[in-house]
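The basis for the numbers below is simple: all heavy atoms, side chains too, and nothing from hydrogens, waters or symmetry mates. Protein chains get the first letters and strands the later ones, always in sequence-line order, with residue 1 at the start of each.
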2 protein chains.
Amino acid sequence: MTISEKKQPPANKQDLYRLFARIAAAMANPHRLELLDLLAQGARTVEELARESNLSIANASQHLQRLKRARLVIDERQGFYIRYRIADPLVTHLWLEIRAVASQQLTEVSVTLDAYRAQRHEFKRVSVEDLRTRLEKGTAVLLDVRPSAEYAASHLPSALSIPLEELDRRLSELPHSRTVVAYCRGPYCVLADQAAEKLQRKGFRVARLEEGVHEWQQAGYSLASAREA
Amino acid sequence: MTISEKKQPPANKQDLYRLFARIAAAMANPHRLELLDLLAQGARTVEELARESNLSIANASQHLQRLKRARLVIDERQGFYIRYRIADPLVTHLWLEIRAVASQQLTEVSVTLDAYRAQRHEFKRVSVEDLRTRLEKGTAVLLDVRPSAEYAASHLPSALSIPLEELDRRLSELPHSRTVVAYCRGPYCVLADQAAEKLQRKGFRVARLEEGVHEWQQAGYSLASAREA
DNA sequence: TTAGTATTCAAGAGAATTCTTGAATACTTT
DNA sequence: AAAGTATTCAAGAATTCTCTTGAATACTAA
């Protein structure tokens, strides 16, 4: 109301907020979040992303370009394909943060999540700390059931990779003497649950780690990638 | 494309992403981000928020309700007024994260920020660590130039409160023997710069701390609130 | 060059967002 | 109760978002 506002025009404070809002706007769509979620597990081509998220190619492409305009992802030509990937670890971090807020604030999340889980078996849960002590003591083996490309991109140290689709024919690689702790992309991913169910039916002792590689990393632990494993 | 997708319907994975997207959508607007930014400094009434962000009352109210529906803020009746505040520290954290991503990803931000700063003087910058050693050695005094309500809500330990508007008539409270380090709401806030400019003209040795209370807290340091000071 | 691939572009219909305006609501104070 | 306050509601116009469709582009392989 006073004149002092004009006297020293705070430049374009509004522009700054507009800029920040662009980031949020780029993430303000379920499909784009799913794409980010997938990309957080590893780079992918447009076709792969479209298939995994049940979008038409053209639609996936458009969403990806929106993410790209907001600099949340980067694209790179590789022969026939264009491969998209997360532009910066900060972006993954931001996505985890959104999930964290949602999980805590919206009680609906736990409801939806429960509904989401109700159809499935519930398995013993293992915390990150728990897992570490078990691994040290040698009372557990860690199993990564994500597609092998994601395992290659990054995984928990000492994790064995058996993608869910290969699990049936690779059961012999797992011990009955120890608990098999399965993990996948994170708390909202079903791959590990499906794996655990299979293993339980086959008589294995199983548990599920809620966390995925990013949550693990955020807890301050290091990751391994293809070469080292 | 395969039938296996239907066989084990991943429940409503889409619902989860929709839920997460709501959080992002609530933040996907410059005005709402400004409101959040203000609220991050302390609770306020609708009228105050409208005034400080140059929105009509009705418009501010609508934006606030959108934030409320997403559970990012909470409202509370207090006599005549309805006071809004951040629902949870996680929300502030998320807001800082968006800013961080924006600052790093969008080169435009630094451009805009530079333009934003160009009209003003640039002052010696002090890092959080730097500040701590200076305060320990007693070679600096710390000055909070935000409105007193925000200071009361929370401030850096040992900070003296002189709101920008009162600065001119309270200069005698500041020492010439030490550097005056001014801070306000954070890196994009101009209050501290304006204060520093005034002080410099009056012959004080000044510096500016980029960080605000939230950045300080996120760096792992504790804050003080009205009572203790 | 030609054929073939993955991806993007362009246009348009339907839905959601945003701001404004004027009235309605929910309180407090007298 | 009556008057006055801060806030919200409701409706409508302008804008933006989203998905679909079919064509265009930018590469690779032969």
Considering just the side-chain nitrogens and oxygens of [X], establish if one lies under 4.0 Å of OP1 or OP2 belonging to [N].
{"X": "A:Ser61", "N": "C:dT8", "result": "yes"}
{"X": "A:His63", "N": "D:dC17", "result": "no"}
{"X": "B:Arg77", "N": "C:dA26", "result": "no"}
{"X": "B:Tyr84", "N": "D:dT8", "result": "yes"}
{"X": "A:Asn29", "N": "D:dC17", "result": "no"}

In whole Å, what is the span from the [atom1] atom of [X] to the [atom2] atom of [N]?
{"X": "A:Phe80", "N": "D:dA26", "atom1": "CZ", "atom2": "C1'", "answer": "11 Å"}
{"X": "B:Leu35", "N": "D:dT7", "atom1": "CG", "atom2": "P", "answer": "13 Å"}
{"X": "B:Glu76", "N": "C:dC27", "atom1": "CD", "atom2": "C1'", "answer": "15 Å"}
{"X": "A:His31", "N": "D:dT20", "atom1": "NE2", "atom2": "P", "answer": "8 Å"}
{"X": "A:Arg18", "N": "D:dT16", "atom1": "CZ", "atom2": "C1'", "answer": "14 Å"}
{"X": "B:Asn59", "N": "D:dA11", "atom1": "CG", "atom2": "C1'", "answer": "15 Å"}
{"X": "B:Leu49", "N": "D:dT7", "atom1": "CG", "atom2": "C1'", "answer": "12 Å"}
{"X": "A:Glu47", "N": "C:dT7", "atom1": "CD", "atom2": "P", "answer": "6 Å"}

Reckon [X] touches a base, only the sugar-phosphate, or nothing at all at heavy-atom distances under 4.0 Å?
{"X": "B:Arg32", "result": "sugar-phosphate"}
{"X": "B:Ala58", "result": "base"}
{"X": "B:Ile57", "result": "base"}
{"X": "B:Gln65", "result": "sugar-phosphate"}

Do the side chains of [Y] and [X] get nearer than 4.5 Å, heavy atoms only?
{"X": "A:Phe20", "Y": "B:Met27", "result": "no"}
{"X": "B:Ser53", "Y": "B:His31", "result": "no"}
{"X": "A:Leu94", "Y": "A:Ile23", "result": "yes"}

Proximity to the side chain of A:Gln62 - top-ranked nucleotide from C:dT8, D:dA6, C:dA10: C:dA10
DNA chain D: 5'-proximal contact among A:Ala25 and A:Ser56 (nearest heavy atom): A:Ala25
DNA chain D: 5'-proximal contact among B:Leu64 and A:Leu55 (nearest heavy atom): B:Leu64
Donor + acceptor pair across side chains of A:Gln78, A:Arg83 (<3.5 Å): yes
Check: B:Tyr17/A:Asp37 side-chain N/O donor and acceptor closer than 3.5 Å: yes
